[in-house]
Amino acid sequence: MNILVISCHPLPESFCWHVRSVALDELGKRHQVEHIDLYQPIPQRTPPEQVDALVFVYPTWWAGLPAALGKWLEEFCASVGYQNLKKVVAITTHGSPRWVNWLIGRAGQKVLMKGIPRRVGRRCRSRWIAFYNIDRSTPEERQKFSQRVREKLAKL
Amino acid sequence: MADSTKAALVISAYDRSDTWEQSLEQSILAGLSIGHEVELVNLLDLGWVTEMSPAERRAYHTENPAIDPMVIDQISKVKAADTLVLGFPTRNWLPIPIMKGWFDRVMIPGVAFTFDENRKLQPNLDLETIGGVTTYDMSRVEVRRIIDGGRRIILRSLRANIPKRPRRVWLSLYNAQQSKPEQRSAFLSRVETQLATL
């Protein structure tokens, strides 16, 4: 598959950057991968119509997408390409526990998992790989999550 | 002597210039000026930077998370306010990025919440009323099918950071781009009258 990985965290020392390198490493074994970091924007090389899968790696802020990812989404929604999109994967970290996110709305999750397929007008599968409660997490939990990311992406 | 006039902060982000949406800002101000001392922040005029910078993120979990003078100024305005009203277009189920960027950069530790000794969030906003005034680029059905992101972030996420249950106001117009002139003027006057009752 042609996979476009979109990452969006300002800090190289963040857990998000670590997870993104795990994702790039795993996906690179079997797929054609292009990576865009929204904090170091470079033009996208793969034409939208050739993109088979989108993989987002980002921190959830205020139950939603970081503003930089919101900007990208605006461009995505304005584009007529992406007719061949078959998969959307979101890998994200949350500061707060899962139940809090259930209560306050999961806006980022809904928009990526349901909104994107709706926008491209086709049934593409979506997969949510989320880490909750990162503010209170242990190194073991984070390690376990990295492993989960690897296993899920291996089956993509 | 008790001062009965309350302080209102309006954050406005109608980003399509030369459209009728720009008039929403005036309607918000006109409505709130009844009973409020109003402070307006127009994010586009201000030249608000949408994204949280690496330096800001690095400072986020420190004692002094606010480092940009523009952000520090916004924080002092939020702290002075009794009423907070956000006006913005909703596109693709979400508040437009510049509005979300205001949340990301201003509603930080020490402002919206604090961490207790167990790294749990404690609400920290002292607001009596919160509100949103938005236009949608789609129908009510289409919004409901996926998510009403702006409404959730303001009426739920923001609210969760206010210890004393605030009054909540939500004023919106669906299918705003296709709306007829009479629908628009009806919405403008609804915004003004509703906010005048706060």
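We use all heavy atoms of the structure for the numbers below, so side chains are in, but hydrogens, waters and symmetry mates are not. The chains referred to below are lettered A, B, ... by the order of the sequence lines, with proteins before strands, and numbering in each begins at 1.
For a residue to count as touching a neighbouring chain, one of its non-hydrogen atoms must lie under 4.5 Å from one of that chain's; by this rule L103(A) touches chain B with the backbone only. Contacts between A68(A) and chain B at a heavy-atom distance below 4.5 Å involve backbone atoms as well as side-chain atoms. Using a 4.5 Å cut-off between heavy atoms, M107(B) touches chain A through backbone and side chain atoms alike. Contact of A112(B) with chain A is made through the side chain alone, with heavy-atom distances under 4.5 Å. Using a 4.5 Å cut-off between heavy atoms, Y39(A) touches chain B through its side chain atoms alone. At a 4.5 Å heavy-atom cutoff, the contact between N118(B) and chain A is made by backbone and side-chain atoms alike. Looking at R159(B), neither its backbone nor its side chain comes within 4.5 Å of chain A, counting heavy atoms on both sides. Only the side chain of E142(B) comes within less than 4.5 Å of a heavy atom of chain A; its backbone N, CA, C and O stay farther away. Neither the backbone nor the side chain of Q109(A) comes within less than 4.5 Å of any heavy atom of chain B.
With rounding to the nearest 0.5 angstrom, the CG atom of N133(A) is 9.0 Å from the NZ atom of K120(B). For the atom pair I146(B) CD1 and R118(A) CZ, the distance stands at 6.0 Å (nearest 0.5 Å). Atom CE of residue M113(A) and atom CD1 of residue I147(B) lie 13.0 Å apart, to the nearest 0.5 angstrom. Note that CG of L94(B) is 13.0 Å distant from NZ of K110(A), once rounded to the nearest 0.5 Å.
Between R58(B) and E13(A), some side-chain heavy-atom pair lies under the 4.5 Å cut-off. With a 4.5 Å cut-off on side-chain heavy atoms, K100(B) and L65(A) do not count as touching. Looking at L73(A) and W93(B), their side chains never come closer than 4.5 Å, going by heavy atoms from C-beta outward.
Applying the ring-ring contact (aromatic ring centres under 6.0 Å, His included) definition to pairs two or more places apart or across chains, none involves residues 10-45 of chain B.
Between the side chain of R152(B) and the backbone N or O of R106(A) there is no donor-acceptor pair closer than 3.5 Å. A side-chain donor-acceptor contact under 3.5 Å links R119(B) to the backbone of D135(A). Not a single donor-acceptor pair under 3.5 Å links the side chain of N92(B) to the backbone N or O of C77(A).
If you chain together hydrophobic residues whose side chains sit under 4.5 Å apart, I91(A) and L27(A) fall into the same group. The hydrophobic cluster containing V100(A) does not contain I108(B), counting ILVMFWY residues as joined when their side-chain heavy atoms lie under 4.5 angstrom apart, directly or transitively. F88(B) is connected to L44(B) through a chain of hydrophobic side-chain contacts under 4.5 Å among Ile, Leu, Val, Met, Phe, Trp and Tyr, so both are in one cluster. The cluster map of Ile, Leu, Val, Met, Phe, Trp and Tyr, joined by side-chain heavy atoms under 4.5 Å apart, puts F15(A) and V57(A) in the same cluster. Under the 4.5 Å side-chain heavy-atom criterion for grouping Ile, Leu, Val, Met, Phe, Trp and Tyr, W48(B) is connected to L38(A) within one hydrophobic cluster.
In K29(A), the NZ atom is crowded: over 12 heavy atoms of neighbouring residues, nucleotides or ligands sit closer than 6.0 Å. Around the CZ atom of R184(B), the shell of radius 6.0 Å holds more than 12 heavy atoms that belong to other residues, nucleotides or ligands. Dense packing is recorded around CD of E34(A), with more than 12 heavy atoms of other residues, nucleotides or ligands lying under 6.0 Å away. Within 6.0 Å of CG on D73(B) lie more than 12 heavy atoms contributed by other residues, nucleotides or ligands. Heavy-atom neighbours of Q32(A) CD from other residues, nucleotides or ligands within 6.0 Å: at or below the threshold of 12. The environment of CD in E182(B) is crowded: more than 12 heavy-atom neighbours from other residues, nucleotides or ligands sit within 6.0 Å.
Note: S157(B) leads S157(B), G150(B), A160(B) in heavy-atom pairs under 4.5 Å with chain A. Top candidate by heavy-atom pairs under 4.5 Å with chain A, chosen from R57(B), R91(B), M99(B), is R57(B).
In terms of heavy-atom proximity, F103(B) sits nearest to W62(A) at O-NE1, 3.5 Å. Looking at every heavy atom in both residues, P97(B) comes nearest to A67(A) through O-CB, 3.5 Å.
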